[in-house]
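Reading through the structure tokens given below for one structure.
Values in this document were obtained by computation on a predicted structure and should not be read as measured data. Both ligands and their constituent atoms are indexed starting at 1 by order of listing.
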Amino acid sequence: MRRSPVTVLSPDVLAAQGAEAGATYARLAAKGLKLDMTRGKPSPEQLDLAEGMLALPGNRDFVTEAGEDARNYGGLQGLAEARRLFGAMLGVPAEAVVVNENSSLAVMHDCIVWALLKGVPGGAPWVRQEIAFLCPVPGYDRHFGLCEGFGIRLIPVPMDEDGPVVTEAERLAADPAVKGMWCVPSYSNPSGVTYSDATVQRLAGLKTAAPDFRLFWDNAYGVHHLTENRPAPHDILGLTAAAGHEDRAFIFASTSKITLAGAGLAFFAGSKANVAWYLEQAGRRTIGPDKLNQLRHTRFLRDLDGIHRHMTGHRRLIAPKFEAVLEALDVRLGGLNLARWTKPEGGYFITVEMIQGSAKRVVELARGLGIALTPAGATSPYGRDPTDSVLRLAPTYPSVDDVRTAAEGIALCIHLAALEAGGLERAA
Ligand code: PMP
């Protein structure tokens, strides 16, 4: 996202718009709404799409493709059929995939802890030196919090419509403390940006001072399309290998927003050396994952077409919610040049960029209407947005009607905050 828009409002316009917006706010506040647009959670209807999975694998169905008993210990890397299915989803070979438990965030956490204590292939334990991570902004607050919890310094990198600004990433990666970079390459959280091929290629070949630098390639939204377009995942393993950095990418993903957010499967994928490293650590941590859940998923989704079909069900449920938000923003703010917002083609979020210095005020005004928003600043490292201008909207969980009402309220609050600031010239 680039600079905030700039508008100068005349006193007459301010007075007229202020009176209308103030009256509408009072009317809406009297309704006593209770709406939550804070987190990117699937709605109950989305979870219902996977209801058939709860009956699987079913009575006496526990024998895997390799003829093993899925009820028992073992199978650290995951069932071959699960690795094949989700390898196809991630665009990597089955042997490059490890199937874990239900949370990719937990897999990322383990990788950071193991990197700190043991080092990654080709490097010493990170904990022996100061460590920093590059954080494309706006980004995912839990990525930032994970690093912060271990004392890893967070360095913001701006995003544009092609993904992270690579020249800036390269300048910052000249510091040997920089060991990693968070990347959400498809429908980024929260901007919805999908990295361009050129950006991915440049990240694959990025010059870094640290030889053991890793791209933390979180493909959380790889198949979460909101239109009929279904871009394939970037071939990050192929590109890093071609650039001479075979071990650069740690890939993460899960089925949290495909099947069940609390009972899905999470994946690690990477080069041969990275998978061997991961399994070596994981083998001390567990005697094996829940393979019945892996069978359940493979029986239910079957193949890549099955995943796409299932995701079409999600799209039908959530695309109208995104449309409702965009429409509400457009009705109140379109043409006023007081804010701009993303029109994502996939993922879970809409990002709104408003007058500098007004995002916190918008959250406060929305709270006054009974609408809970993600705190202003959450999309920046340390929860601090120096411009106080970015908000993340998460429209998937509430019903379409509630989303529409909430979005109308939010648009109103953005308008009011802009008017309070007297238009953008005074707030910048
Ligand atoms: N990565 C990103 C970019 C996300 O947006 C989310 C969920 N909001 C996660 C990871 C968490 O995934 P999981 O449920 O697999 O831990």
Donor-acceptor list for residues 82-91 side chains, cut-off 3.5 Å, not counting sequence neighbours:
residue : atom : partner : partner atom : Å
Arg83   : NE   : Gly78   : O            : 3.0
Arg83   : NH1  : Ala94   : O            : 3.1
Arg84   : NH1  : Glu65   : OE1          : 3.4
Arg84   : NH1  : Glu65   : OE2          : 3.0
Arg84   : NH2  : Glu65   : OE1          : 2.7

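Leu333 and Ala411 get closest at one heavy-atom pair: CD2-O, 3.9 Å.
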- Full working for ring pair (Phe, Tyr, Trp, His ring centres under 6.0 Å) between Phe216 and Phe133: CA-CA 10 Å; Phe216 276 58; Phe133 260 53; 5.0 Å; yes
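Checked against side-chain contact (heavy atoms from CB on, under 4.5 Å), Ala273 has the following partners two or more places apart in sequence or in another chain: Pro121, Asp247, Ser271. Residues satisfying the side-chain contact (heavy atoms from CB on, under 4.5 Å) test with Leu28, not counting sequence neighbours, are Lys31, Leu33, Leu369, Leu412.
The number of heavy atoms from other shown groups lying within 6.0 Å of CD (Glu246) does not exceed 12.
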Would you mind listing each N/O atom of ligand 1 next to any protein N/O under 3.5 Å, plus the distance?
residue  : atom   : partner : partner atom : Å
ligand 1 : 1 (N)  : Asp218  : OD2          : 2.5
ligand 1 : 5 (O)  : Asn189  : ND2          : 2.9
ligand 1 : 5 (O)  : Tyr221  : OH           : 2.5
ligand 1 : 8 (N)  : Tyr140  : OH           : 3.4
ligand 1 : 8 (N)  : Lys257  : NZ           : 2.9
ligand 1 : 12 (O) : Ser104  : OG           : 3.2
ligand 1 : 14 (O) : Ser256  : OG           : 2.6
ligand 1 : 15 (O) : Ser104  : N            : 2.7
ligand 1 : 15 (O) : Ser104  : OG           : 2.7
ligand 1 : 15 (O) : Ser254  : OG           : 2.7
ligand 1 : 15 (O) : Ser256  : OG           : 3.3
ligand 1 : 16 (O) : Ser103  : OG           : 2.9
ligand 1 : 16 (O) : Ser104  : N            : 3.2
ligand 1 : 16 (O) : Leu105  : N            : 3.0

